[in-house]
Structures are given as structure tokens and as C-alpha cells.
Amino acid sequence: MLIPACSQPPCHRVNSPARIALVIPVYNEASVLPELLRRLDLLMASHPGERWTILFVNDGSRDESAELIRRKASADPSYALVDFSRNFGHQAALTAGLAHAIDHDAVVTMDADLQDPPEVIPSLLAAWRGGAEVVLAVRRSRQERGLRRLGFDLFHRGFGRLIDFPIEPNTGTFGLLSAEAVAAFNSLPEKHRFFPGLRAWIGFKQGEVLYDRQERAAGTPGVTFRKLVRYALDGLLSFSHLPLRLLTYLGLFVAGCGFAVGAFFITRRLLGIEVAFTGFTTLVTLVLFLGGIQLVGIGVLGEYLGRIYDEVKRRPHYIVRRRVRLE
Ligand code: UDP
Ligand code: MG
């Protein structure tokens with residue numbers, strides 16, 4: 001069911017009070033949740049003019065996150081919970097949250113670990129009321145250090161060059177989607193999802209709000225380095241055919257070299273110039289080099305093929321165990 005709350009923009013902006021949903025994926029965040037809930041309560045109390053729904057998606061947490069949220073939801077009708085049957089990943093949790101937030105005028109997507117401060121949300125709403133249909137929270141600064149930081153920087157810098165349409169480099173999950181943008185997002189069927197890319201892909205009028213990305217309030221990142229690499233690959237492979245094209249160019253280059261070398265030796269033989277019967281080192285190097293390139297080529301093809309296989313299986317993105325305060 002992909003029916004937006006209102007299909008005639010800009011009627012969502014005259015709805016009063018506006019129905020605002022916050023979609024927050026949660027994976028083992030019990031150490032942060034009390035502080036997050038406190039700050040969300042403060043946000044709602046200071047903006048009583050809106051109708052808030054805080055929609056947590058519990059992505060198979062192994063701590064008491066789900067129980068904390070369920071307890072909060074039973075005491076406060078603004079809170080709701082979608083509880084997954086296991087860990088399906090950050091992107092699946094976002095997808096579920098957006099699918100459950102269709103009857104809202106605007107949906108804010110954010111992380112649970114307070115790296116995206118709830119205090120920025122009023123600025124996102126102001127930008128939306130000012131006419132933006134997709135509001136990006138753009139990081140003015142970042143707190144990560146070391147390898148993780150280097151990875152983020154390299155990815156954001158390289159990625160922007162590789163794909164065919166612009167993605168604002170310093171953005172992540174944090175931002176706001178209007179009802180129309182949510183409907184567009186929900187209509188995308190693909191399984192391997194790269195949220196910032198898809199958000200840029202759907203288009204709509206974009207607005208930006210600058211903010212300082214905070215340090216994770218407590219706990220450890222649930223998105224491990226391995227998951228980040230896979231996420232980066234999803235982003236690159238689902239928005240670019242460049243790896244395949246590079247392989248074609250590399251193949252052409254190597255074949256060209258082979259042709260030139262072959263022509264050189266054949267000409268020498270025809271001209272009667274002695275061809276030395278050595279070259280073991282050269283041969284071994286060439287065989288290993290070409291074998292390596294072929295294996296890399298097969299690997300890149302395999303990355304695309306595996307993703308195609310995942311898509312054609314058409315398994316659901318996630319399985320919901322239970323819903324609290326949601327039909
Ligand atoms: N998260 C999730 N499923 C996962 C890993 C993370 O829903 O498998 C949630 C997590 O609770 C947090 C958000 O996704 O709200 C971002 O995760 P994290 O802080 O680990 O990522 P980072 O900020 O390092 O990108
Ligand atoms: Mg985080």
C-alpha cells in the first residue's frame with residue numbers, strides 16, 4: 001500500500017497540526033535509549049503544535065532495546081514500534097520505517113545513537129515548510145577518527161565522481177522526506193539499498209540544513225567495518241556500471257599490449273633476426289598477471305550477478321515479528 005497521506009502538494013504544508021513521523025532504526029541501543037527518549041520527549045513538549053509519531057524499528061537487538069521501547073509506547077501514544085524477527089540491517093530497518101509512516105505529512109529519518117541530534121529537527125521542519133520536499137541534514141563536522149574516518153572521506157570523495165548524478169557528500173541517513181517523497185521511496189522495489197543514493201535519485205526539491213555530527217552517545221557502532229564496506233559496495237554497484245566499463249578498458253589495453261608484443265616478435269622472426277630462447281621470468285609474470293586480472297574480472301561480475309540473484313529471488317526486505325501501536 002503506497003498511498004501518500006496527501007497526493008496534492010503543497011496541501012501537506014497547510015495541514016495543521018502537521019503529522020510528523022520520526023523513523024529510527026535500533027540495533028542494541030539500550031545504553032543510549034533512555035537519553036534519546038528524554039530528548040525526544042523534550043522536543044515534543046517544546047513543539048506541541050505538531051502531531052508526533054516516534055517510530056522505532058527494532059532490528060533484532062539482542063539487548064533490552066525492544067522492551068524499553070515497548071514499555072515507553074504503552075505509556076505514551078506518540079511512540080510506536082516495529083519489531084523485526086532478526087537483524088536485517090540498517091537499510092531494511094529504514095525501509096520498514098518508511099513503509100509504516102505513509103500516513104504522515106513529513107518523515108524524519110535519523111540514527112538512534114544521538115549522532116544525529118534531535119534538536120536539529122525543528123530546522124528540518126522549517127526547511128520543509130519553506131518549500132523543500134527532501135531536506136538533507138548536512139554535516140558541518142564529523143567526530144569519527146582513524147580508519148573509519150579515512151574510509152568515510154575516501155568513499156564520499158570517490159563516490160561523487162563515479163556515479164552519474166550528484167549526491168551531497170556530507171549527508172547520511174539524517175534528513176526529512178515529504179509525504180510525496182516517502183511514497184516515491186516506498187515504490188522502489190530493490191533489495192540492496194543505499195539510502196542517500198536513492199534519496200538523491202528520487203529527485204524532488206531539495207533543501208539543506210547544516211549540523212554538527214555528534215559522537216555516539218554510548219555503546220558501539222552496530223554498523224561494523226565489514227557492514228560499511230558492503231554498504232559502500234552496494235552504493236557503488238547499484239549506481240554505477242563503471243567497474244564493468246573499467247574491466248572492458250583494461251581488457252582492451254592488455255589485449256593491445258599482447259598484440260604489440262606479438263607483432264614485434266613475429267616481425268623479428270620474419271626479418272631473420274635471432275629470437276633468444278629465454279624469457280621464463282617474463283612468461284611467468286605475464287601468466288600470473290593475466291590470471292589475476294581475469295580473476296578480478298570474474299569477481300566484479302560476481303558482485304553484480306550476486307546482487308541480480310538477490311533481486312530476482314524477491315524475498316521480502318524484512319520480517320516483522322510484532323507491531324506496537326501500529327495497525
Ligand atoms: N542499526 C540497525 N541495524 C544494524 C546496525 C545498526 O538498525 O544492523 C542502527 C543503529 O541502531 C543506529 C543506526 O542504525 O541507530 C546507525 O548505526 P551505527 O551508529 O552503528 O552506524 P554509524 O553511525 O557508525 O554509521
Ligand atoms: Mg552511529
Side-chain angles (χ1 to χ4, degrees), residues 21-37 39-40 54-69 72 79-101 107-118 120-121 136-139 141-156 159 167 169-175 191-197 199 211-235 317-321:
L22 268 52
V23 165
I24 311 181
V26 174
Y27 178 58
N28 296 340
E29 302 285 10
S31 54
V32 209
L33 275 173
E35 172 66 7
L36 175 65
L37 295 176
R39 279 167 64 179
L40 291 174
I54 317 266
L55 178 49
F56 282 104
V57 182
N58 176 43
D59 184 17
S61 298
R62 277 165 309 199
D63 61 6
E64 63 274 26
S65 298
E67 184 50 28
L68 283 173
I69 298 164
K72 182 75 181 174
Y79 287 85
L81 170 67
V82 175
D83 195 10
F84 281 0
S85 63
R86 65 168 170 86
N87 179 251
F88 281 91
H90 184 199
Q91 297 298 304
L94 275 175
T95 305
L98 290 170
H100 285 82
V107 179
V108 174
T109 47
M110 62 187 284
D111 289 353
D113 55 4
L114 288 167
Q115 285 195 285
D116 308 329
V120 178
I121 293 171
L136 309 176
V138 181
R139 291 180 280 261
S141 61
R142 217 185 220 300
Q143 302 294 334
E144 279 94 355
R145 301 262 169 274
L147 198 57
R148 225 175 153 82
R149 169 66 179 260
L150 183 73
F152 279 126
D153 284 350
L154 280 179
F155 177 73
H156 281 297
F159 190 67
I167 292 184
N170 287 310
T171 53
T173 312
F174 199 20
K191 194 168 174 303
H192 287 275
R193 282 168 177 260
F194 178 67
F195 183 71
R199 186 174 51 188
Y211 80 109
D212 293 306
R213 185 138 167 105
Q214 306 299 305
E215 214 142 352
R216 166 174 262 287
T220 48
V223 179
T224 54
F225 201 73
R226 219 184 75 221
K227 280 188 191 169
L228 269 181
V229 170
R230 200 181 310 154
Y231 183 49
L233 272 181
D234 273 345
H317 299 226
Y318 52 84
I319 306 268
V320 176
R321 171 191 290 140

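As the structure lists them, so they are numbered: ligands from 1, and atoms in each ligand from 1. Just so it is clear, the structure is predicted and the values come from calculations on it, not from any experiment.
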Trainee: Would you compute the distance between atom OG of Ser61 and atom CG of Leu68 and round it to the nearest 0.5 angstrom?
Mentor: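 Going from OG on Ser61 over to CG on Leu68, the span is 10.0 Å.
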
Trainee: May I ask you to identify, for Glu29, whether its side chain, its backbone, both or neither come under 4.0 Å of ligand 1 on a heavy-atom basis?
Mentor: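 Side chain only; the backbone of Glu29 stays clear of ligand 1.
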
Trainee: I need the contact type for Gln91 against ligand 1. Using non-hydrogen atoms and a strict under-4.0 Å cut-off, is it side chain, backbone, both or neither?
Mentor: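 No part of Gln91 comes within reach of ligand 1.
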
Trainee: Find all atoms of ligand 1 within a distance of less than 4.0 Å from any non-hydrogen atom belonging to Asn87, and give their numbers and elements.
Mentor: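 Going through ligand 1 atom by atom, the ones under 4.0 Å from Asn87 are 3 (N), 4 (C), 8 (O).
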
Trainee: Can you list the atoms of ligand 1 that are under 4.0 Å from a heavy atom of Arg216?
Mentor: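 Those of ligand 1 that fall under 4.0 Å from Arg216 are 18 (P), 19 (O), 20 (O).
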
Trainee: For ligand 1, is any non-hydrogen atom under 4.0 Å from Asp111's backbone (N, CA, C, O), its side chain (CB onward), both, or neither?
Mentor: both

Trainee: Going from CG on Leu33 to CG on Asp113, what distance comes out if it is rounded to the nearest 0.5 angstrom?
Mentor: 10.5 Å

Trainee: Got an N/O contact under 3.5 Å between Ala93 and ligand 1?
Mentor: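 By distance alone, the answer is no.
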
Trainee: I need the Leu114 CG to Glu35 CD distance, nearest 0.5 Å.
Mentor: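 Taking CG in Leu114 and CD in Glu35, the distance rounds to 6.0 Å.
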
Trainee: For Asp111 and Asp116, indicate whether the former's side chain and the latter's backbone hold a donor-acceptor pair under 3.5 Å.
Mentor: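 Checking the backbone N and O of Asp116 against the side chain of Asp111, no donor-acceptor pair under 3.5 Å is found.
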
Trainee: What is the name of the N/O/S atom of Asp113 that is nearest to the Mg ion (ligand 2)?
Mentor: OD2

Trainee: Could you tell me whether Asp212 and Arg139 have a side-chain N and a carboxylate O separated by less than 4.0 Å?
Mentor: no

Trainee: Which class fits the ring pair Tyr79 and Phe56: parallel under 30°, tilted 30 to 60°, perpendicular over 60°?
Mentor: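 Geometry flag for Phe56 against Tyr79: parallel rings.
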
Trainee: Which atoms of ligand 1 sit under 4.0 Å from any heavy atom of Gly89?
Mentor: 3 (N), 8 (O)

Trainee: Any nitrogen or oxygen of Pro221, side chain or backbone, less than 3.5 Å from one on ligand 1?
Mentor: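 It does not: no N or O of Pro221 is found under 3.5 Å from an N or O of ligand 1.
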
Trainee: Is Lys227 close enough to touch ligand 1? Criterion: a residue heavy atom under 4.0 Å from a ligand atom.
Mentor: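 For ligand 1, residue contact (heavy atoms, under 4.0 Å) with Lys227 is present.
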
